[in-house]
2 protein chains.
Amino acid sequence: MVTKQLKDTSDGVDLRRADSLAREIFSDVANKWALLIIEALGDDTLRFTRLRDGVEGISHKMLSQNLRMLERNGLVERTVHPTVPPRVDYALTEPGRALRATVDGMCAWTQRHLGHIEASRQRFDG
Amino acid sequence: MVTKQLKDTSDGVDLRRADSLAREIFSDVANKWALLIIEALGDDTLRFTRLRDGVEGISHKMLSQNLRMLERNGLVERTVHPTVPPRVDYALTEPGRALRATVDGMCAWTQRHLGHIEASRQRFDG
DNA sequence: CCGGATCCTTGAGGATACTG
DNA sequence: CAGTATCCTCAAGGATCCGG
């Protein structure tokens, strides 16, 4: 059986299909809170509460939910210390750090285009 | 008056403050549909309907909404041809293409870690 | 301290219909 | 064809409490 190979203009990720695994992962990762958490973690190892402080505006629930999602996808490693009161540490895994590099890119991009965007907004809103 | 300068580990973007302009822009851009639209546009100039086909699963409304948002932020240029029926073309602006580069990075990352993530998920779900 | 469960509110987002 | 508006639904997300 011959399978037809579609030509990809860019780098051949089939995010086009809404039901593909790639697209599913992309949808998990491409959301504000997940990216901000990854950015906040950086190279550090942070406890839940400390991490919460690092991401302004995030709720207890959102942080917890997103951390579980990131852990499930293997981007974040969760270490539980059997002390009392419990202590839980979070850190990026290797894949997580790799992703962080591109998120850094997005942050830098934001910074670099602040002016242009603000101007464009004013033009548009007027 | 001396203002204390916080040290930034990475590249000094103050996405930490939920109310800063940078954070606002980041929140606009860091969402699934916006990124998929940017990716779908690539270097092309596409009409509304064609773009809609390029992003599987997106609704008319979401596409319209996100396009207006991207246009407002100056990432997408909208060209209306005064024909009948009307024809509207969308293309990335320079800042838009710059952002696309980092989105490409995210796509490549997704592709590269598909296996690891799928495995991690199975471990986690079991 | 960590984080799951529960309740409740708001807004994201789909379907449809209508204007230019 | 493009795009806005309207209605409707359901899930995202906040506040709170409890249990480990």
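Here is the naming used below: chain letters follow the sequence lines, and residue numbers restart at 1 for every chain.
- The side chain of A:Y90 places no N or O atom within less than 4.0 Å of a non-bridging phosphate oxygen (OP1 or OP2) of C:dC1.
- B:V76 pairs with exactly one of B:L51, B:L41, B:T93 by the side chain to side chain contact (heavy atoms under 4.5 Å, CB included) rule, that one being B:L41.
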Starting at the 5' end of nucleotides 15-20 of chain C, put B wherever the base has a protein heavy atom under 4.0 Å, S where only the sugar-phosphate does, and a dash everywhere else. B----B
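- With hydrogens and angles ignored, the 3.5 Å screen pairs a side-chain donor or acceptor of B:E56 with a backbone N or O of A:A18.
- The main-chain N or O of A:P95 is found under 3.5 Å from a side-chain atom of B:W109 such that the two form a donor-acceptor pair.
- Distance CG (A:N31) to P (D:dG13): 7 Å, rounded to an integer number of Å.
- Within the structure, salt bridge (charged side-chain N to carboxylate O under 4.0 Å, His left out) pairs that include any residue of residues 60-86 of chain B comprise A:D125-B:R72 (at least two apart or interchain).
- Using cut-offs of 30° and 60° for the angle between ring planes, the A:F48 and A:Y90 rings count as tilted.
- The side chain of A:R78 contributes an N or O atom lying less than 4.0 Å from OP1 or OP2 of C:dG3.
- Scanning all heavy atoms of the two residues, the minimum distance from B:R87 to B:T83 falls at N-OG1, 3.7 Å.
- B:K32 approaches A:S27 most closely through the heavy-atom pair CD-OG, 3.2 Å.
- Taking OG1 of A:T45 as the start and CG of A:L92 as the end, the distance is 9.0 Å to the nearest 0.5 Å.
- Going from atom NE2 of B:H81 over to atom P of D:dG3 covers 12 Å, rounded to whole Å.
- Atom CG of B:L51 and atom C1' of D:dC1 are 14 Å apart (whole Å).
- When heavy atoms are screened at a 4.0 angstrom cut-off, A:R52 is found touching no nucleic acid atom at all.
- The stretch residues 62-77 of chain B comes close to DNA chain C through B:M62, each having a heavy atom under 4.0 Å from the strand.
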